Amino acid sequence: MTASAPEGAVAPVTCGPPQNAAPRGGPPAGPLLLGVRHHGPGSARAVRAALEAYEPRVVLIEGPPEGDAVVGLAGEEAMVPPVALLAHAVNEPGRAAFWPLAEFSPEWVAIRWAVRRGVPVRFIDLPAAHTLAMSEGRTVSEGEEQLHGEGGEKPHKEGDGTVPGGPHGGGAAGDTPPDGLQRPAGQKIRLDPLAALAEVAGYDDPERWWEDAVEHRRGGRHDPFAPFTALGEAMSELRAVHGDGGHGHDLLREAHMRLRLREAAKEFGSAATAVVCGAWHVPALAEPEQPAVTADRRMLKGLPRVKAEVTWVPWTYRRLARRSGYGAGIAAPGWYGHLFAVPDRPVERWMTKVAGLLRERDHPVSSAHVIEAVRLAETLAALRARPLAGLTECTDAIRAVLCEGSDVPLALIRERLVVGEALGEVPEGAPAVPLQRDVERCGRAVRLKPAATEREMDLDLRKDTDAARSRLLHRLRLLGVDWGVPAHSRAGSTGTFRETWRLRWEPELSVRVAEAALWGTTVYEAATVKACSRAVEAPGGTLADVTALAEHCLLAHLPDALPVVMRVLSDRAALEADVGHLAQALPALVRSLRYGDVRGTDAGALAEVAGGMAARVCVGLPPACAGLGDEGAREMRGPLDAAHQAVRLLTRGEPCKEGEEGLAGEGQAEEGRSGAGLLSRWRGMLRTLAGRALVPGLLRGRCVRLLLDEGSLADEEAERLMRLALSPGTPPGEAAAWVEGFLSGGGMLLVHDERLLALVDRWLTGVPAEAFTHVLPLLRRTFAQFESGVRRTLGELARRGPAGEGAGAAAGAGEGLPGFGPGLEAARAEPALETVRLLLGGARAGAAASREDGSGPVDERQEVRA
């Protein structure tokens, strides 16, 4: 926001004192106006000293008056900053605004000082009821229109992740709008008071000037009111020159502040009232030349309003930073918190913190490193004519000494210390919607505590606690509260009994919870109602959306919502005519069948719908693929691959014998027989596509590859189809598409499956010389998609020649297995035989039994291969 007074120093802008100011060296004659910079530790220290000396009977704070009802909670020990006042419209919780406060915020220091001494605290800014009402569709009151026309600032709307600029819901004076928000047409460029004062003082960096003038000025005997008097003079000069500075909306806020200030002065006395507000507003609140009461009331008359509720919510240092989009944010909340908390030697204590963090990460940092870093920081400050080493000097010294010139550890230091990972706490007595209380109760039940630090958590769903955590996180995701986001497991497990989540609690999630409270008072009830509503009331969604919703219901264990979703799914699947949509929707549905065993859910209805959809895909794909262009073929390839994997999973990937089960679930013999038939029909459909000339080459080549991987297509047949597709009479583009479909995603497969590599090699060596120049660019385009290591290995294998032609072919003659050499190399395999026998167990006993039966000696290599 705006600047606060230098502590122990005179502001660089000099002018005569305001008419209501008392002579230097004593308190003012009228209300004590403490102009501050939001989230400034220097302002916070100065406010505390001024309040101690002035001892007011009432303290007025820049903030929404609705916060008066909950301000008493700030005195409880359970209230740990950073926290924020959250105001939201009762009938539209997504329209909300935050007023963040940290431990080093001057407003927080004033609130704590007053509450703990029994002094009344009142907020005097424009009510949140007006701020929220104006956040959508700017409405200008009559009085404001007369003064500014259309030049007012448009307040910000919360609900899409943006944070209002400053602790007043609509942008602080001197703040820039949050990222992504456009300035209304015709609005003047907004003045940054900090930048203006820094420029007068000869600084090109406002933050550096602020640190030198305020944050680095400590201790000493001085007049506690002098800093605020000096800064008030500076702001008076700025406003005399620049007027409202482009902050047209602030005139509304200042009119309301004056009305509340007059009320408090009438009740408690003008000389017993203290006001903590942005320094930019101080000239507007000074008693001389104030507009009349009737003028202020006329300006506020007719403002739109909504019914609003206010409560306290936890906040984080990361969201307090300017880079998060918070307009009144600061560059380094962690650094400012450090400056406010430490009693002395801030540089030495900061270097100690950094050293401790680096040691935790196994960086070699000694006491000598810390001493040299402090010396370098102080030397840099002296060279730059600064009163104390600031964050810039400390960072330069840390990079040079502790990090040995590397910026990699600096990224960790910035995240953990400069910005910080603090997360505030709010007492249980703070007002909250019932759903918020249930979220907290469920979190405690499964031992999940909100944290600002991002962390990964692996869950084993076979354990009751982990399964309950999974259900809670999935239900919250269904409600739009992304406390946890699914992540890929670093262990590489693909089993259905493991999940990996990335957890981080963001302050905006409190708004999401308030929005979700419309669906119910508990997490389970709200998730169930919302799932049913999404299934029934979303006719414009695709079939894949409904299947994904069904999968989510199983993951979240919502048995009351699943029948409704399945009924909608069955109806939509029966009416869906697009085979591509059916193929895209099938994988999510089939994946859900895997959850029955671990999660204890009934997936019988899903199996029935999935089987019907898979049968329809088998019938509808051949005509849907005929006559497609290049673009259509590429779009159909994804659904084809997805449907193939889904059918394999649905039938467990193997042909079922009579009476075996092919679908998930026990005792489903009939479904098992249908699974065997489905797999047979699917493979038949792939054969049809592979041999149909009207089907694009990309899809024909892909079908051949899928059949070959399944083991249901002989090498000779695959080679014949390849020769037909790549014959000289085939257009080069069609041939290239066939090769791409056949080899896509198969780089590693070619490396490890010499059978497939030999098949491609035989075709390539048989290409006539006159056609080779046309084939080569097509192959280069396909093989260029492989990683460099894969291409290098393939070149080595091609140079060596097909398996069986090298020196090792003579060893261990035998039929061999598909994709492997014809036999074992005895010399290389001998050292491993004993270990393999121990691992398998009973191999020797089996061999001895064979000899006793008179069947003759048994080759140990054959035992191992078996």
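Remember, it's a predicted structure, so these values are computed and weren't measured experimentally. Residues: numbered from 1 along the sequence shown.
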- Query: Would a 4.5 Å heavy-atom cut-off, applied to side chains only, mark Phe228 and Val282 as touching?
  - Reply: no
- Smallest heavy-atom separation, Arg262 atom then Ala292 atom, equals NH2-C, 4.3 Å
- Side chains of Pro291 and Met299: does their closest heavy-atom pair fall under 4.5 Å? no
- Is Glu254 close to Asp296 at the side-chain level, that is, under 4.5 Å between some pair of heavy atoms? no
- Side-chain donor/acceptor of Arg258 to backbone N/O of Val293, under 3.5 Å: no
- Could you walk me through whether Arg122 and Asp68 pass the salt bridge (Lys or Arg N to Asp or Glu O under 4.0 Å) check? CA-CA 6 Å; Arg122 296 179 181 177; Asp68 293 351; 5.8 Å; no
- Is there side-chain contact between Arg349 and Pro343, with at least one heavy-atom pair below 4.5 Å? yes
- Query: What are the two closest heavy atoms between Leu231 and Gly35, and how far apart are they?
  - Reply: CD2-O, 4.0 Å
- Task: Could you tell me whether the side chain of Tyr54 and the main chain of Ala271 form a donor-acceptor pair under 3.5 Å?
- Result: yes
- Query: Between Arg57 and Phe268, is there a donor-acceptor pair closer than 3.5 Å when you use the side chain of the first and the backbone of the second?
  - Reply: yes
- Task: Could you tell me whether the side chain of Trp113 reaches within less than 4.5 Å of the side chain of Val47, counting heavy atoms only?
- Result: no
- Query: Where do Leu73 and Val426 land on the side-chain contact (heavy atoms from CB on, under 4.5 Å) test, with the steps shown first?
  - Reply: CA-CA 9 Å; Leu73 295 172; Val426 173; 5.9 Å; no
- Sidechain-backbone polar pair: Thr311 side chain, Pro431 backbone, donor-acceptor under 3.5 Å: yes
- Task: Keeping the roles fixed (side chain from Arg239, backbone from Met235), state whether a donor-acceptor pair exists under 3.5 Å.
- Result: no
- Task: Under the salt bridge (Lys or Arg N to Asp or Glu O under 4.0 Å) rule, what do Glu62 and Arg253 come out as? Steps first, then yes or no, please.
- Result: CA-CA 10 Å; Glu62 181 182 330; Arg253 301 170 49 218; 2.8 Å; yes
- Task: Taking all non-hydrogen atoms of both residues into account, name the closest pair between Thr273 and Ala265 and its distance.
- Result: OG1-CA, 4.0 Å
- Quick check: are there more than 12 heavy atoms from other residues, nucleotides or ligands sitting under 6.0 Å from CD of Glu428? no
- Message: To the nearest 0.5 Å, what is the distance between CG on Leu285 and CG on Leu60?
- Response: 9.5 Å
- More than 12 heavy atoms of other residues, nucleotides or ligands under 6.0 Å from CZ of Arg437: is that the case? yes
- Ion pair check, Arg319 and Glu508, cut-off under 4.0 Å: yes
- Note on the structure: d(Glu66 CD, Thr131 OG1) to nearest 0.5 Å is 8.0 Å
- Message: With a 4.5 Å cut-off on side-chain heavy atoms, are Val511 and Glu515 touching?
- Response: yes
- Message: To the closest 0.5 Å, what do you measure between CG (Leu448) and CH2 (Trp483)?
- Response: 5.0 Å
- Message: A quick test of your reading: do over 12 heavy atoms of other residues, nucleotides or ligands sit less than 6.0 Å from CD of Glu103?
- Response: no
- Determine the minimum heavy-atom distance between Val59 and Ala110, stating which atoms define it. CG1-CB, 4.2 Å
- Closest approach of Ala102 to Ser105 (non-hydrogen atoms, all atoms of both residues): N-OG, 2.8 Å
- Message: With a 3.5 Å distance limit and no angle check, can you tell me whether Glu107 reaches the backbone of Leu101 through a side-chain donor-acceptor pair?
- Response: no
- Query: Between Thr521 and Ala517, is there a donor-acceptor pair closer than 3.5 Å when you use the side chain of the first and the backbone of the second?
  - Reply: no
- Query: How close do Ala128 and Trp99 get, heavy atom to heavy atom, and via which atoms?
  - Reply: CB-CH2, 4.1 Å
- Message: Rounded at 0.5 Å granularity, tell me how far CG in Leu132 sits from CD in Glu92.
- Response: 9.5 Å
- Item | Residues Val439, Val481; criterion side-chain contact (heavy atoms from CB on, under 4.5 Å); working and verdict | CA-CA 10 Å; Val439 171; Val481 183; over 6 Å; no
- Above 12 or not: heavy atoms from other molecules or residues under 6.0 Å from CZ of Arg297? no
- May I ask you to decide if Ala308's main-chain N or O and His88's side chain share a donor-acceptor pair within less than 3.5 Å? no
- Item | Exceeds 12 heavy-atom contacts within 6.0 angstrom, atom CD of Glu267 | yes
- Step by step, work out the side-chain contact (heavy atoms from CB on, under 4.5 Å) result for Arg48 and Arg112. CA-CA 10 Å; Arg48 183 165 53 194; Arg112 274 283 176 97; over 6 Å; no
- Item | Phe98 ring center near Trp315 ring center (under 6.0 Å) | yes
- May I ask you to decide if Val70's main-chain N or O and Trp312's side chain share a donor-acceptor pair within less than 3.5 Å? yes
- Item | Leu300 vs Leu259, side-chain contact (heavy atoms from CB on, under 4.5 Å): CA-CA, chis, key distance, verdict | CA-CA 10 Å; Leu300 298 172; Leu259 293 176; 3.6 Å; yes
- Task: Ignoring hydrogens and angles, tell me if any N or O in the side chain of His338 forms a donor-acceptor pair with the backbone of Pro346 under 3.5 Å.
- Result: yes
- Measure the shortest side-chain to side-chain distance between His39 and Pro333 over non-hydrogen atoms and say whether it is less than 4.5 angstrom. no
- Nearest 0.5 Å, what's the CD1-OH distance between Ile330 and Tyr317? 8.0 Å
- Item | From CD (Gln436) to OG (Ser510), nearest 0.5 Å | 5.5 Å
- Message: Would you say that Leu261 contacts Val275 through its side chain, given a criterion of any heavy-atom pair below 4.5 Å between the two side chains?
- Response: yes
- Item | salt bridge (Lys or Arg N to Asp or Glu O under 4.0 Å) evaluation trace for Arg260 with Asp125 | CA-CA 8 Å; Arg260 294 298 299 264; Asp125 206 343; over 6 Å; no
